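Reminder, nothing fancy here: chain letters follow the sequence lines and each chain counts from 1. We use all heavy atoms of the structure for the numbers below, so side chains are in, but hydrogens, waters and symmetry mates are not. Source: prediction; values computed, not measured.
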2 protein chains.
Amino acid sequence: MLTIGKLGASAGVKVPTIRYYEQIGLLPEAERSAGNQRLYSQKALERLAFIRHARDLGFTLEAIRDLLSLSDQPDQPCAAADAIVIAQLAEVESRLARLGALKVELQRILTQCAGGKIANCRVIEALGDHSLCATDHRYPDLGATI
Amino acid sequence: MLTIGKLGASAGVKVPTIRYYEQIGLLPEAERSAGNQRLYSQKALERLAFIRHARDLGFTLEAIRDLLSLSDQPDQPCAAADAIVIAQLAEVESRLARLGALKVELQRILTQCAGGKIANCRVIEALGDHSLCATDHRYPDLGATI
DNA sequence: CCTTGAAGCTCTAGTTACTAGAGACATTAG
DNA sequence: CTAATGTCTCTAGTAACTAGAGCTTCAAGG
């Protein structure tokens, strides 16, 4: 049995984060020692490692919740799990495209600057006037991760 | 003079967002009509368009606050403005690199799945075990935009 | 056995950049 | 004049944690 500190170190997750995951029901309530401290099994470590890895891959906690509940039902077809991963891949690809456009635009803005005073700074001007943009990088705002 | 609705429509910013910007001091307090409604000048529209554009480019409100205060001091050298844009470009590039790695990893996970049952699903397994990863995509967590 | 320092506990509140909703007042079109 | 739309203030909620206060428990050294 692991204390919360050991568990966190093993999985690469901070201690308050583990308590947070328990609070929102992503991890089951931990067993407690005589002195009321949380104790974790190897299975709990696997579950936490799964969460950590999925977070690293940019999945939301909500998606992870779904993946975890799927993994608890081994006889279900895995199309549902696939779908979640496919959606995440689409999200990542769309974010890549947007960021690529932003990069180009920021580079373009920077080349405008000859290093003078703010008064004739092309950087500020370029930021102010969208019509100076080479590309259209206006997108509906998506709440974003990574 | 524009009402808040017209201003929002012109700049592509929602009405509550404008009030929020005023509340946090990013926009100055607006003039009011006899009936206490906010009224905006053309200058206010320009300032809001600047904010909107910079947000589109992924700048934080804090960075935008700095850019705005710089643009109010026309005789300062524009190196400070450049630095903010350069930092943002670096941020975008780092995020691009990470997302690229994530994309590869997600694709790899998906190719593992033969479409069976969860019990022998490689997708769930690949998510659970980081050591199955081709690349190391563990990065310190950065609060992220776009 | 006792002490001390690290690790654990609960609870509240803060972060970013908004968004949603309630209930009241203002303005405008027909 | 009325009805519909717009605007007002205020509070609270979102995601995914993080920080801090004030307390208790544990493990190791003397």
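Remark: P of D/dT7 and CG of B/L2 are 11 Å apart, rounded to the nearest angstrom. Rounding to whole angstrom units, CZ of residue B/R55 and C1' of C/dA17 are separated by 6 Å. Distance CD (A/E22) to P (C/dG8): 14 Å, rounded to an integer number of Å. When the P atom of C/dG8 is taken as reference, atom CD1 of A/I4 falls 7 Å away, rounded to whole Å. Distance CG (B/L61) to C1' (C/dT15): 13 Å, rounded to an integer number of Å. Going from atom CG of B/N36 over to atom P of C/dA24 covers 17 Å, rounded to whole Å. What separates OH of A/Y20 from C1' of C/dA13 is a distance of 15 Å, to the nearest Å. One can place CD of B/E62 at 7 Å from P of C/dT16, the figure rounded to the nearest angstrom.
In terms of phosphate contacts, A/T3 brings no side-chain nitrogen or oxygen within less than 4.0 Å of OP1 or OP2 of D/dC26. Close to D/dC17, at under 4.0 Å from its OP1 or OP2, lies no side-chain N or O of A/R52.
Distance from the side chain of A/T17 is smallest to D/dC17 among D/dC17, D/dC26, C/dA17. Of the candidate nucleotides C/dT19, C/dA17, C/dC9, C/dA17 has the atom nearest to the side chain of B/T60. Listed candidates were C/dC18, D/dC8, C/dT10. Nearest to the side chain of A/R32 is C/dT10. Between C/dT19, C/dA17, D/dC8, one nucleotide has an atom nearer to the side chain of B/K14 than all others, and that is C/dT19. Of the candidates D/dC17, C/dT19, C/dC9, D/dC17 carries the atom nearest the A/Y21 side chain, counting heavy atoms from C-beta on. With distances taken from any side-chain atom of B/R19 to the nucleotides C/dG8, D/dT9, D/dT18, the minimum falls on D/dT9.
Remark: of the listed residues B/V15, B/L61, B/L27, B/V13, B/L61 is the sole one forming a side chain to side chain contact (heavy atoms under 4.5 Å, CB included) with B/Y20. Shown are A/R52, A/R55, A/H53; of these, the side chain to side chain contact (heavy atoms under 4.5 Å, CB included) with A/I64 is made only by A/R55.
A salt bridge links B/R65 and B/E62; the closest N-O separation between the charged side-chain nitrogens and carboxylate oxygens is under 4.0 Å. Residues A/E105 and A/R108 are paired through a salt bridge, judged by an N-O separation under 4.0 Å between the basic side chain and the carboxylate.
Within the 4.5 Å cutoff, the side chain of B/Y40 has no heavy atoms near those of the B/L48 side chain.
A residue-by-residue look at A/Q23 and A/Y40 shows that A/Y40 has its nearest nucleotide of DNA chain C further toward the 5' end. Nearest-nucleotide assignment on DNA chain D puts the 5′-proximal partner with B/L39, out of A/Q37 and B/L39.
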